[in-house]
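Remember, predicted model here, so these are calculated numbers, not experimental data.
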Amino acid sequence: MVFLHQQKSSSLKRESSLKSPLPPSKIPKSGMDSEIEKMISILAEAGCTFINHSGPPSLPSDPHSLRRHLTRLFSLNPSLPSLFLSGFSTFIQSPTDFTRVLTSSNPTRNESLVRHLLLVPSIQLELINTLLEKLPEYFHVDFEPETSLSLEDDVARLIINQFRWLEFLVDSKLFTEKLMQLVCVCPLNLKKEIIGSLPEIIGDQTNNNTVVQSLQQLLREDSAVILPVLDCFSNLNLNPELEEQVITIALSCIRTIDAEHIPYLLRFLLLSATPANVRRIISHIRGDLKFVGVSNYRSTQQNKLKGKSLVDNSEASILDALRSSLRFKNMLCQEILKELNSLEKPRDHKVIDIWLLVLMYVNGDSLQKSILKIFKKKIIEDCIQEVMLDQCICGNKDLVQDYFPSFLSLSEYLLACKEQKAREIGIHLYARLFEEFNDTYSKHEVLGALITHVGSGVSFEVCSALETMALLASKYTRELIPLSCHINGILDYLEGFSVENLHKVYEVFSRLVLLARSSEDCFGSSIANELLMVVRKQVSHPELKYKKMGLVGTLKIVSFLGDASDVTSTSPSQKSNAEEALELLKTSLNSCKQLYLPLILFYDELTAILKYKTLQPEIIEWIGKHVGEFESMFLSDLDSGQLSIKNSYCGLEGELWMNLDGVISPICLNILPLASSSIQSATSLQILPANFALLSAVERLTNQGSLGGIDALLGCPLHLPSSKYFSIAGWQSLTEKQKEIVTFSLFHAANWIRELLNAFCTQIGGRLECLSQPAKEDIIAKLLKRLRNLVFIESLLNFSIKCCPQSLPELHFHVGQCGSSFLNRPNNMGNVEKKNEHKTKHDSASPDYKKKHKRKSKTSTSSDTNDKLRQPTILEVLRKASNLTTQEVQYEDSSSTFLKGRTSESADQSSCDSNGPVSVEVSAVDKALETQRFKFRPLLFQCLSLLTFSKNQDTCCSDPAAELPLHLYLLRELHYKLDNFIRPIKDLTPRCLSCQTGFSRMTVDEFLSKVKPMFPSLRKHFDSAVCILQEGDDETCQDHWKVQSAITDNPDIPNFMFSKISVSTLVIKEVLSCFSKMLNLPDIQMHKTFLSDLLQSFQSIKIPDSIISSIQPIPLPGTREYFYLGAFIFLEGVFSIACSVSFMLASECLLTLESVVISLQIFLGKLEGNSLSTNRELIQGVLHVLHSRLGTSSQKLLKHDWNNETLENGWKNKGEIIQKILWIYLEYSASTTDLLDELACSILPQVTSSKTMAEDDHHGFPTLCPATFVLWYRVLHEVNLSVLNKLVKEVVHFEKRKAGVQPETVKTHLIKTSKCVNVVVSLVNMCKTHDKVNLRAMAVKYGGKFVDFFLKAFDFLQIHFQTHSEIIIQLVKDLQKATRTIQILCSEAKGLKQTVITSKIPATKRSMERFLFCVKALLHTTSSGCTFWMGNLKHKDLAGQVVSSQAYVDDQSDNVNEDPAGVMDEDQPASEEDRATE
């Protein structure tokens, strides 16, 4: 009863202890003493005495004897434990005595009396309750947070320490519940102590649900206990369910706990990851972690300026925790990469993703390549953006410091990527690293990496690296001056740079020079002096490539030193910036006055500077004085619009052409006199366009953008050779020299008009306040007339080049031009005569002399090439410049090889010199002129605005003003410019190079913004051309061109032909080509407005209801998929018209239809997320309809009956286009395999080499004839291989799937494979009736490839052999028919030494041998009852006749033992089914 009373009293005391400490017990002292004495006596019997009144009790030497004695004693007397506990409770009411029993007598071991008593089973539970009830009495103890009590002085910790590592617990569940109840009310420090000790207290019990639940509740109430809780979770013995619950608890704390605790939480989560929960852990960390970069960028920059530390140690700890965890568990890295790969939308990506990639990149080399690929992929998809990188780096210098090498490596990788978007991010990353890290080492590393890029030799990498350098120089000029010695390394690579890259290089150095000149630092002034010395030496160098560098560098320096907006001042001992710039200009001009190509470069660069910068007044004044000599050099005065004196020039009569101002014109342009006069005059004529461009730029600059001061040049006539020389008799009467003068005169006239268009089109595009509307309309009218003049002159030039091939001089410096062969080339007639004399002597020399000369030229060329392979340093260049200054470079025409190459073509043009009629066709394109198109002055993009101006007249036809030739000319220019964006520079045709200067700096965005307003005009001119095709060649409208040509004062040339049908066809082809290329521009899908406007401009008037109703859901007007459908239907209508006019036009229409379908497929591929599933389904429906209609259109084209008029020269030179059409027909058919089977097995065998095209029409494909048979044969082989490859990939995918494949699916694939086998068998066996060597070579080549692809599916065949044995065996038998024929072809080719075939034999035979042994293994490993024989083939020919001997008469040694032993006997099948009968 006393024990029960004590329990009740203790319970009451526990409840009240939460409010205040209990008063001393009121039990009478006599009773207390008796209970204590009883307890002490029991302990004394066991060997424990209380002799030391101030210290812990004295325990026996063998503590285990104490426990055994008490256990035995309590078990013999059941009432004794209660008496003992009652006395013990009374005894420990004294704080001193309580401390005595809790303290160990041995400081090194926990051997207190209480701990030994807890190991006595009969009293353990009651003793635990007593101790736990005593614990709240010590909650009130409050210590300073900076100090902590020792264990002996902290009674609460002593009590908890007694429960650690107990050997057993009588009732662990009850103990745990009571302990967790007590933890909830403990002070924070004691709470952390208890929670951290829980694994040691409760032991290895598996049922810890109560602990987990209680700790979860504690975390909800106070997140400060997160660390001990995590420590407890890590050491508890948890079952899988509780482990998942613990992970869930920890994940829920990511958002709520303090930042200083996050590293421990992350380390716990990542190290607790298993394959089952790793995806969930990674997702929560990415989504919930508040990390670097969450603050606003502006506030970051403001704090940085104030000198505040922006990096908390917790963020560094977070990175360290992530890094160490990722290093220890590779599974985490793999899962992170999968997680990032699965993200599609940009908004799903976070700053932590960048850090995760960086941390994984730092940890190891095994995943670095994968990390770099993902990083680039995310950048290209616009998922990782510049602002995210800013949040990582900006203001976080201390944090990023340890990862600086990794960020630098990422920058290096991105800048070397081909993708423009990746390089842009690389540039931005370099700039941010340079900005954030101010120490010299880091800046050296950044600059060193950039210079390494510059020296890579890869064009796009070099361009991006120089762009980065220019960006750094524009922002951090002062910081770069001390580092200029590192930047000087760029000068070693100047020789291989394009003009555009030279601009960037010298922009960097010019900025440094500008700042250095204003600095009193001697180091800075030395930079300026060194650079000025370098460019002066380059300018004075005799070789063009070095002079080019000097001119670009000099003028770039001038643009900075002479900038009127610059306010920097120089030291008194130096010249002013304007004076230095003016001196550089004079030096550059003097160095190239006698060399027309460098002078053209000088003028063009100066013109570009005036467009974008305002120079100092004294510099403008000097330029104005220089261009003021234009009139005296190139113009002559007229008397009432006529020449005052008519002279003969080298026997040629001259006249005024194209006088738009009539009798009031005061001047004319002296083209013929200059072209036929001295060397200096001829050179001045070559610089005429560039000089005029500079003149117009100065006029605009000084006259508020107006060209009113020089508007007389727009309408002034041209002094050219008499038009009578373009008649048949007149042209034949000219000498070779006179023909050259006529050709050069036309060439310079064409370029003069092109520069007129470039200059005066600036007056109609913008809003010039000084120009009235009537004046603007007058300029537009004259520009259209000049455009007609240009078309006329180029038609004549085309004719003259065709009849008299010769090399035209370059009139602008294009990017790829370098070398000394272009220098000192005045291109005067005297040199031309000498050149021709030399050429005549060379041609008349003996054949032996020609051979020797050829060998000599090859040797010299080889040595020159070897010399060019070694790139000299800048010091060698300058040293060479000083040694060669006084030497003269011998003149050599760069195009002499061109003239030699044209000799063979001159035979084809002999009709020009015959007595037959000679015609000049408007807008005709000839290779003779197109190959030299790059030598013309570029027509700037602003001139294309003339497409929007045309006369609206309601007259007899669709083109009353005969403007289509003008539009065709501009459309070709647009086409040339589009090629700059579609193809890389090295693949550009010569015609594309003509527009490169001045246009290469235009970005895609600028191009799209300028071409977008032209869409309505393109549609208008396209409709006009289509209408003319429908109207036909009406004779009543043939004079429109002549009438309009007379208005523009074009000479009347009798043999000048104009065909409306021909011009209309060319206009349609150019518009279709431009439309197709605009659909294929890089990243065009990102410009949604542009793409929608482009498609909307080519919409059909109405889409048939039958087509709309076949698509579910129905596309809505105004959506992009509706625009795609409308554009396709419109172009399909044009295709139908074109089929009756021209095969080539119809082919262009078909290729444009395919471009629309491909663009829609790309658009579908870029759709994101499941939220657009309805839209995706709609686009797929539209795409299905377009696929079907495209296949039908291609079939119509192939089956159309083309006559000689619509076929245009028969099937000659149409091989590529026929193959494209056939590819489209096969790819977009309903079933490619069925169509292949029909064409190869039924259609192609009907065509033989002896039949004519007319006899072949019965098979239904007029485009399939003996002339095109090889083309069809090749395409069928290629498409068949493509189909088989797709089937093999599907089969491999089936094998990787864990789920089984449906038998119907397997059978379908086997049937498709069987059709592919039938196709290759039929194609190979056609070699028996067609004896062309190239046909048999294709059979051997594609037959071997087919066997290779077929072998890749053998594992699949083996798996399903038991179910589909008959189909598989038949496959092998059928394919054997082709391999036999291929074997015969190989044998015959070796005997006849047909190298076209023999080069393909080894690979093909290896494939067939592998096929043989794979079949043997297949039948051997399967229990199908099949028998396999293998032997040698009998030697037969293609007709099936046995050849008596394998040794050919002409070469017996070549074909000995050609056939491998593994080839089957022809009389025995590859496999036979031998059913065993039992």
Side-chain angles (χ1 to χ4, degrees), residues 3-4 6-7 10-11 14 63-64 66-68 70-72 74-75 78 81-82 84-85 88-89 92 101-102 104 109-136 156-186 190-219 225 228-247 249 272:
F3 178 74
L4 293 178
Q6 285 278 41
Q7 290 283 8
S10 299
S11 176
R14 181 186 62 187
H64 296 281
L66 173 65
R67 287 181 246 163
R68 288 194 299 269
L70 293 177
T71 301
R72 183 174 63 256
F74 292 153
S75 62
S82 58
F84 179 82
L85 290 173
F88 185 78
S89 299
I92 62 177
V101 298
L102 292 175
S104 172
R109 300 178 63 183
N110 186 12
E111 293 185 352
S112 65
L113 175 61
V114 171
R115 182 169 182 82
H116 286 291
L117 294 179
L118 286 173
L119 295 177
V120 179
S122 54
I123 63 173
Q124 184 190 71
L125 186 58
E126 296 298 329
L127 184 57
I128 288 174
N129 291 336
T130 303
L131 293 175
L132 293 179
E133 290 171 357
K134 292 286 292 182
L135 189 61
R157 290 176 59 199
L158 279 174
I159 295 174
I160 297 300
N161 197 45
Q162 307 306 312
F163 302 131
R164 295 174 183 267
W165 307 115
L166 291 176
E167 295 180 5
F168 64 90
L169 288 172
V170 176
D171 192 343
S172 60
K173 183 178 180 180
L174 181 61
F175 169 63
T176 303
E177 291 176 354
K178 290 187 176 182
L179 181 61
M180 297 312 299
Q181 291 174 4
L182 187 62
V183 169
C184 296
V185 296
C186 286
L190 184 58
K191 187 182 297 185
K192 292 180 179 180
E193 178 77 18
I194 297 175
I195 294 174
S197 305
L198 281 176
E200 303 169 2
I201 294 174
I202 62 178
D204 294 336
Q205 63 179 22
T206 57
N207 186 11
N208 290 311
N209 185 53
T210 303
V211 177
V212 173
Q213 297 294 340
S214 300
L215 293 180
Q216 182 179 8
Q217 183 62 33
L218 287 175
L219 283 175
V225 298
V229 169
L230 292 177
D231 187 44
C232 177
F233 284 155
S234 300
N235 296 302
L236 284 177
N237 186 14
L238 303 175
N239 56 36
E241 291 79 8
L242 287 179
E243 286 180 355
E244 288 302 313
Q245 185 177 352
V246 164
I247 295 295
I249 295 171
S272 303

Report yes if some heavy atom in the side chain of [X] is under 4.5 Å from a heavy atom in the side chain of [Y]; otherwise report no.
X      : Y      : result
Pro136 : Val185 : no
Asp171 : Lys173 : yes
Cys184 : Ser214 : no
Leu215 : Leu198 : yes
Leu102 : Asn161 : no
Pro121 : Thr71  : yes
Phe163 : Leu118 : yes
Ile194 : Met180 : no

Verdict with reasoning, Arg115 to Leu166, per side-chain contact (heavy atoms from CB on, under 4.5 Å): CA-CA 8 Å; Arg115 182 169 182 82; Leu166 291 176; 3.7 Å; yes

Output the distance between atom [atom1] ([X]) and atom [atom2] ([Y]), rounded to the nearest 0.5 Å.
X      : Y      : atom1 : atom2 : answer
Arg157 : Ser197 : CZ    : OG    : 9.0 Å
Ile159 : Thr130 : CD1   : OG1   : 11.0 Å
Ile160 : Leu179 : CD1   : CG    : 6.0 Å
Leu242 : Gln213 : CG    : CD    : 8.0 Å
Leu117 : Gln162 : CG    : CD    : 10.0 Å
Glu200 : Cys232 : CD    : SG    : 10.0 Å

Which residues share a side chain to side chain donor-acceptor pair (under 3.5 Å) with Thr176, sequence neighbours left out: none

Set of residues satisfying side chain to side chain donor-acceptor pair (under 3.5 Å) with respect to Gln245, sequence neighbours excluded: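 Side chain to side chain donor-acceptor pair (under 3.5 Å) list for Gln245, sorted by chain: empty.
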
For Lys191, all residues meeting side-chain contact (heavy atoms from CB on, under 4.5 Å), sequence neighbours excluded: Val183, Cys186, Ile195, Leu218, Val225

Under the side-chain contact (heavy atoms from CB on, under 4.5 Å) test, residues paired with Ser75 that sit two or more places apart: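 Once residues adjacent in sequence are excluded, Ser75 has no partner under the side-chain contact (heavy atoms from CB on, under 4.5 Å) criterion.
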
Main-chain N/O of Val211 paired to Glu177 side chain as donor or acceptor, under 3.5 Å: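 A pair under 3.5 Å: no.
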
Evaluation steps, side-chain contact (heavy atoms from CB on, under 4.5 Å), between Val170 and Phe175: CA-CA 9 Å; Val170 176; Phe175 169 63; over 6 Å; no

Test ring-ring contact (aromatic ring centres under 6.0 Å, His included) applied to Phe233 - qualifying residues, sequence neighbours left out: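 With neighbours one apart ignored, the set is empty.
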
Nearest heavy-atom neighbours spanning Pro228 and Gly196: CB-N, 4.0 Å

For Phe74 against Val120, the heavy-atom pair lying closest together: CD1-CG1, 3.9 Å

Single hit among Leu174, Leu169, Ile123 for side chain to side chain contact (heavy atoms under 4.5 Å, CB included) with Ile128: Leu169

Sequence neighbours excluded, every pair satisfying salt bridge (charged side-chain N to carboxylate O under 4.0 Å, His left out) that has a member inside residues 229-245: Glu244-Arg280

NZ/NE/NH1/NH2 to OD/OE distance under 4.0 Å, Arg67 and Glu167: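 Yes, this pair counts.
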
Trace of the side-chain contact (heavy atoms from CB on, under 4.5 Å) decision for Ile202 with Ser172: CA-CA 7 Å; Ile202 62 178; Ser172 60; over 6 Å; no

